[in-house]
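Written below as C-alpha cells is the structure these notes are about.
Being a predicted model, the structure only gives us computed values, none of them experimental. Lettering of chains follows the sequences in order, A, B, ..., and the numbering in each one begins at 1. Keep in mind that the numbers below use all heavy atoms, side chains included, and drop hydrogens, waters and symmetry copies.
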2 protein chains.
Amino acid sequence: MSVNQREIGRRTLFAEIRRHGRIPRINLAELTGISRATVTTITAELLREGLIEEVMSESSDKGRGRPKVDLKVRGAARLIAGGKISNRSVSLVLLDFEGTQLAGHEVELDQTAHESGELAALLAGHVGELAEKIDRSLADVAGFGLGIAGIVDAPRGFVHWSPSLTARNVEFGKILTATLGIPVFLDNDANLVAMAEKSFGLGQGHSDFIVVTIESGVGMGVVINDEIYRGTRGCGAEFGHTKVQLEGALCRCGQRGCLEAYVADYALLREAMSASGGQDSRQVEELLAAAKGGDAVAGSIVERAGRMFAMGLANLVNIFDPELIILAGEQMQASHLYAEEVIEVMRKLIVQVDKAPPEVVVHKWGNQMWARGAAAYALDNVSELALQEMKDHVA
Amino acid sequence: MSVNQREIGRRTLFAEIRRHGRIPRINLAELTGISRATVTTITAELLREGLIEEVMSESSDKGRGRPKVDLKVRGAARLIAGGKISNRSVSLVLLDFEGTQLAGHEVELDQTAHESGELAALLAGHVGELAEKIDRSLADVAGFGLGIAGIVDAPRGFVHWSPSLTARNVEFGKILTATLGIPVFLDNDANLVAMAEKSFGLGQGHSDFIVVTIESGVGMGVVINDEIYRGTRGCGAEFGHTKVQLEGALCRCGQRGCLEAYVADYALLREAMSASGGQDSRQVEELLAAAKGGDAVAGSIVERAGRMFAMGLANLVNIFDPELIILAGEQMQASHLYAEEVIEVMRKLIVQVDKAPPEVVVHKWGNQMWARGAAAYALDNVSELALQEMKDHVA
DNA sequence: CTTATTTAATTTGATTTACAAATTTAATCC
DNA sequence: GGATTAAATTTGTAAATCAAATTAAATAAG
C-alpha cells in the first residue's frame with residue numbers, strides 16, 4: 001500500500017545485483033526494464049548508503065567505448081551470523097553481506113534438550129566468540145539466523161515443540177533477540193536447508209521446488225514462487241509425519257503409520273531387532289551393509305523403507321507438482337533411500353502425464369550447510385531491514 | 001516491469017470496489033492508503049470507462065455533512081459465461097460484470113467422451129442460445145470460463161487428459177477460442193470449485209484454503225495467497241491419486257493404492273461385489289443405507305473408506321497446514337465421508353500442536369456451482385483484460 | 001428561513017519520480 | 001590525435017501522488 005515507486009525500484013535493483021553477483025548498470029536497466037537514468041539515480045543512492053560498491057568489470061570485454069563498471073553487494077556493509085542446533089552440537093557460521101563465509105565454528109553440547117534461557121546464553125557466547133575471531137564483536141552482527149528441529153512458527157519466532165528444548169511452547173525468538181541484543185530470525189531447520197539450496201545450492205534459479213531432508217527425522221522445505229511456504233500456523237510441511245499406512249508402525253510422535261516410522265534410523269533398527277527376537281544390535285551402517293551383502297532380513301527391511309519413502313515422495317509430487325525435488329542429506333547417511341531404484345518406484349507412483357516427471361537430484365553436504373541456510377535467511381531479512389532504513393536516511 | 005503506478009492504483013481500487021460490493025470513495029482511500037485526491041482521479045477514469053458506477057449510499061447514515069456516494073462494479077459493463085462439463089451433461093451460466101446470475105442452462109449429452117471440435121461447436125451453440133435468452137448474442141460475451149475434469153494445464157489451455165475428451169493432449173483452449181470467437185479460459189474443474197468458494201462461497205475472505213470435491217473421482221483445489229496454486233506442469237493437486245496404501249486397491253488410473261480406489265463410488269461397489277462373491281448389485285445409496293442399518297459387511301466397507309479419506313485429509317493438513325478445508329460436493333452424495341467421525345479421525349492423524357487444527361466445513365451445493373466457479377474464473381480474467389485495455393484508452 | 005456545522009468529494013499547487021534525449025566520459029581504432 | 005563506440009550521467013519534461021484549500025451537500029441550531 002504505502003510502498004512507493006522508488007522503494008520498489010530500490011528493491012528490484014538491489015535484488016538483481018545480489019542475484020548476479022556483479023553486473024554493470026546498463027544490464028540492470030535492460031533486465032529490470034527500469035530506464036538507465038533511473039538506474040543511475042537509484043544505484044547512486046545505494047552506493048551512498050554503502051550497500052553496494054563499484055568494481056572494475058573483469059569480464060573480458062575487448063569492445064570499444066566507455067567500459068562497463070560492475071556493481072556488487074558491498075560485503076563489508078553488514079555482518080551476518082547463522083546457526084543450526086543439532087542433536088549434540090551447534091554449527092555456526094559468519095558471513096559478510098555478500099554471502100561469503102568469514103568464519104565457522106562447531107560446538108559440542110553435553111545434552112540434547114536445553115532450557116531455553118541457557119541455550120540462548122550459550123549461543124550468545126559462541127556467536128560473540130566467533131565474531132571476535134575476525135576482530136568484531138557480537139554487537140557488530142546485523143542479524144542471526146537460527147535453525148532448530150521441531151515445529152516452529154517462524155514469523156513469530158515461536159517454538160511449539162523442539163527436541164532441543166526442554167519446554168514446549170517457548171517464545172524462543174524473543175528470548176534470543178533479548179539475550180543477544182541483535183535481531184534473531186528463527187526457523188525450522190528443514191526450511192533453512194531449502195533456503196540454503198535456493199541461495200547457494202541446487203535450487204538457485206528455481207522458483208518452485210521441494211527439499212526433503214533425512215537426519216534423524218524426515219523434514220521438508222517447500223519453495224513456492226521464490227518464497228518458503230509456511231502453512232497458516234507457521235508450521236506446515238511435516239512430511240515425516242504424513243501417513244503412509246493406516247494403523248501402521250508406531251512413530252516416536254505417538255501416532256501410527258508416519259513415514260518417519262518406516263524410514264528413520266530408529267525404525268530400521270527396531271525392525272531388525274524384532275525380526276531377530278531382540279538379538280540384533282547392529283547399527284544402521286551394518287544393517288545397510290548386510291542388506292547390500294545379500295542378507296535377506298536386512299534386505300527386506302531396507303527395501304520396505306525405500307518403497308515407503310517412494311510412496312511419500314510420490315504423494316508430494318501428486319500434490320505439489322514441483323519442477324524439482326532435492327533430496328538433501330548429510331553424507332551417505334540415507335543413501336539407501338536416495339538410490340535410483342527408489343526414485344524409479346516414485347516415478348511409477350505419480351500421476352502419469354505425457355510430460356516429464358519432476359527432476360530429482362541428490363545433494364549431499366556437511367553439517368555447515370544447515371548453518372549457512374540459517375545465515376541466508378538472516379541475510380534476506382537484514383537486506384530487507386537495510387532497504388527499509390534507507391527510506392528514512394534519504395528522506 | 002512496465003507496470004506503472006497508475007495501473008497499480010487502478011487495479012487495487014477496482015479490486016477493492018469488487019470485494020466490497022459497494023463502497024464510497026473515502027473508505028477506499030482509507031482502506032488502500034491511496035490519497036483521497038488520487039482516488040477521485042482514478043475512480044473518475046473507471047467511471048468514464050464504464051467499469052464502475054455511482055449509487056446513492058443506502059447505508060443508514062443519518063450523519064450530517066455531504067452524504068457518501070457508493071461506488072460499485074457496473075454490471076452491464078461485461079457479460080460473462082461459465083460452464084462445466086459433467087459426465088453426461090453440461091451446465092452453463094451467464095453472469096453480469098458484478099457476478100449476479102442472469103441465466104442458467106442444463107444440457108444433456110448423449111455420451112461421456114467427445115471429439116474436441118464437436119464439443120467446442122456444441123458449446124458455442126449452447127452459450128449462444130443462453131445469450132439469446134436475455135437478448136444478447138454470443139459475440140456479446142466478453143469471456144467464457146470452462147471447467148473440465150482431468151488433467152489440465154490451465155494457463156496454456158492444454159488438456160493432457162480428460163474423461164470428457166476422446167483424444168489426449170489436446171489444445172482445447174485454442175480450439176474453443178477459435179470456435180467461439182471470444183476469449184475462453186479453461187481449467188480443471190476442482191480448481192474452479194475453489195474459485196467458486198472464494199468468490200461466492202465459504203472461502204470468501206480466506207487467503208489460504210483447500211477445497212476437496214468428491215464427484216465420481218476425488219479432486220482438490222488449493223488456494224495459496226489468494227491465488228489458485230497450480231503446480232509447475234499446470235496440473236498439480238491430484239489428491240485423488242495420492243497413495244494411501246502400498247500395493248493397495250486397483251484404481252481406474254491403472255495404479256494401486258490411490259485414495260480414489262478406496263473412496264469413490266465404483267470402489268465401494270466393487271468391494272461389496274467381491275465380498276458377496278459377485279452377488280451384490282446394490283447401488284451406492286443402498287449400500288450406505290445398509291451400513292447405517294447395521295449391515296456388518298456394508299458397514300466395514302464404508303468405514304474403511306472413511307478411514308482412508310481421513311488419512312488422505314490428514315496428509316493434506318500435514319503438508320499444507322491450511323487454515324480452512326472445505327469439503328464440497330453435490331448434495332448428499334459423499335455424506336459418509338463428510339461425517340463428523342471421519343473428521344475426528346483426521347484430527348487425530350495430524351501433527352499435534354498446541355494450536356487449533358484447521359477448520360473443516362462441509363459445503364453441499366448443486367450442479368450450477370461448478371459453472372459459477374468457471375464464470376468467476378472468466379470474470380477475473382476479463383477484469384484483468386478490461387483494466388489492460390484502459391491503458392490504451394486513457395493514453 | 002437563514003446561518004453554522006459537518007463531512008464527502010474535488011480542485012489546486014507543490015513535490016516526487018521516471019524517462020527520453022542530449023551530453024559527458026572513457027575507452028579503442030585508425 | 002581525431003573518429004568512433006558504448007556506458008554513464010545530466011537535463012528538461014511529463015506523469016502521478018499528495019497535502020491543503022476549496023467546494024458540495026447534507027443536518028442542526030437559532
Side-chain angles (χ1 to χ4, degrees), chain A residues 1-13 16-17 20 22-48 52-72 390-395, chain B residues 1-13 17 20 22-48 52-72 387 390-395:
Chain A
M1 305 293 155
S2 66
V3 187
N4 63 29
Q5 192 135 15
R6 175 53 60 97
E7 265 179 83
I8 297 174
R10 275 201 284 258
R11 251 181 260 276
T12 41
L13 286 179
E16 203 68 18
I17 293 171
H20 285 83
R22 27 174 65 231
I23 182 174
R25 293 184 234 276
I26 188 144
N27 293 9
L28 282 176
E30 268 170 36
L31 287 169
T32 61
I34 296 171
S35 76
R36 285 183 288 172
T38 308
V39 168
T40 294
T41 327
I42 291 181
T43 53
E45 278 177 17
L46 291 169
L47 280 166
R48 207 176 324 122
I52 62 172
E53 61 189 352
E54 291 187 328
V55 199
M56 278 311 122
S57 178
E58 55 182 17
S59 62
S60 55
D61 54 343
K62 324 207 77 174
R64 294 212 272 191
R66 180 172 176 171
K68 302 178 186 184
V69 179
D70 280 347
L71 298 173
K72 62 182 273 294
M390 276 192 70
K391 237 189 316 191
D392 317 326
H393 289 209
V394 174
Chain B
M1 295 300 147
S2 68
V3 188
N4 64 29
Q5 193 135 15
R6 176 51 59 95
E7 266 179 85
I8 297 175
R10 275 201 283 257
R11 251 179 260 275
T12 41
L13 286 179
I17 293 171
H20 286 83
R22 28 173 64 231
I23 182 174
R25 294 184 233 275
I26 190 150
N27 293 8
L28 282 176
E30 269 170 35
L31 287 169
T32 60
I34 297 172
S35 76
R36 285 182 286 171
T38 308
V39 168
T40 293
T41 326
I42 292 181
T43 53
E45 279 179 15
L46 291 169
L47 280 166
R48 207 177 323 121
I52 62 173
E53 60 189 353
E54 292 188 328
V55 199
M56 278 310 122
S57 178
E58 56 182 15
S59 62
S60 55
D61 54 343
K62 324 207 73 173
R64 297 210 270 190
R66 179 173 177 171
K68 301 176 185 185
V69 179
D70 280 348
L71 298 173
K72 63 183 272 294
L387 289 168
M390 277 193 70
K391 237 188 317 190
D392 317 325
H393 288 210
V394 175

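- Looking only at side-chain heavy atoms (C-beta outward), A:Leu71 and A:Leu13 stay at 4.5 Å or farther from each other.
- Of all nucleotides listed (C:dT11, C:dA20, C:dA9), C:dA9 comes nearest to the side chain of B:Val69.
- Among C:dA8, D:dC18, D:dT10, the nucleotide with an atom closest to any side-chain atom of B:Lys68 is C:dA8.
- One interatomic measurement links the two molecules: CZ of B:Arg6 to C1' of D:dC18, which rounds to 12 Å at whole-angstrom precision.
- Summary of the strand contacts: B:Thr38 and B:Arg66 both lie near DNA chain D, and taking for each the nucleotide with the nearest heavy atom, the more 5' one is attributed to B:Thr38.
- Dashed line: the shortest gap from a side-chain N or O of B:Asn4 to OP1 or OP2 of C:dA18 is not under 4.0 Å.
- Between the P atom of D:dT5 and the CD1 atom of A:Ile26 lies a distance of 16 Å, rounded to the nearest Å.
- Residue-to-nucleotide proximity on DNA chain C shows that, of A:Ile42 and A:Arg64, the 5′-proximal contact is made by A:Ile42.
- Distance CD1 (B:Ile52) to P (C:dA9): 12 Å, rounded to an integer number of Å.
- Annotation for B:Ile23 and B:Leu31: closest pair CD1-CD1, 3.6 Å, computed over non-hydrogen atoms.
- Residue A:Glu7 contributes atom CD, which lies 13 Å from atom C1' of C:dT16 at whole-angstrom precision.
- Residue A:Val39 is classed as having no contact, given no heavy-atom separation below 4.0 Å to the nucleic acid.
- Taking atom CG on B:Leu46 and atom P on C:dA9, their separation rounds to 15 Å, with Å as the unit.
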Could you go step by step and tell me if A:Asn27 and A:His20 meet the side-chain contact (heavy atoms from CB on, under 4.5 Å) rule? CA-CA 10 Å; A:Asn27 293 9; A:His20 285 83; over 6 Å; no
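- The separation between B:Leu13 atom CG and D:dC18 atom C1' is 14 Å, rounded to whole Å.
- Taking 4.5 Å as the limit, every side-chain heavy atom of A:Thr43 sits out of range of all side-chain heavy atoms of A:Glu54.
- If you take CD of B:Glu45 and C1' of D:dT17, they are 13 Å apart, rounded to a whole angstrom.
- A pairwise comparison of heavy atoms in A:Ile52 and A:Leu47 identifies O-CD2, 3.5 Å as the closest pair.
- Rounded to an integer number of Å, the gap from CD of A:Gln5 to C1' of C:dT15 is 15 Å.
- Across the interface with DNA chain D, nearest-nucleotide mapping of A:Gly65 and B:Ser35 shows A:Gly65 to be the residue nearer the 5′ end.
- If you check every strand for non-hydrogen atoms under 4.0 Å, A:Arg36 touches a base.
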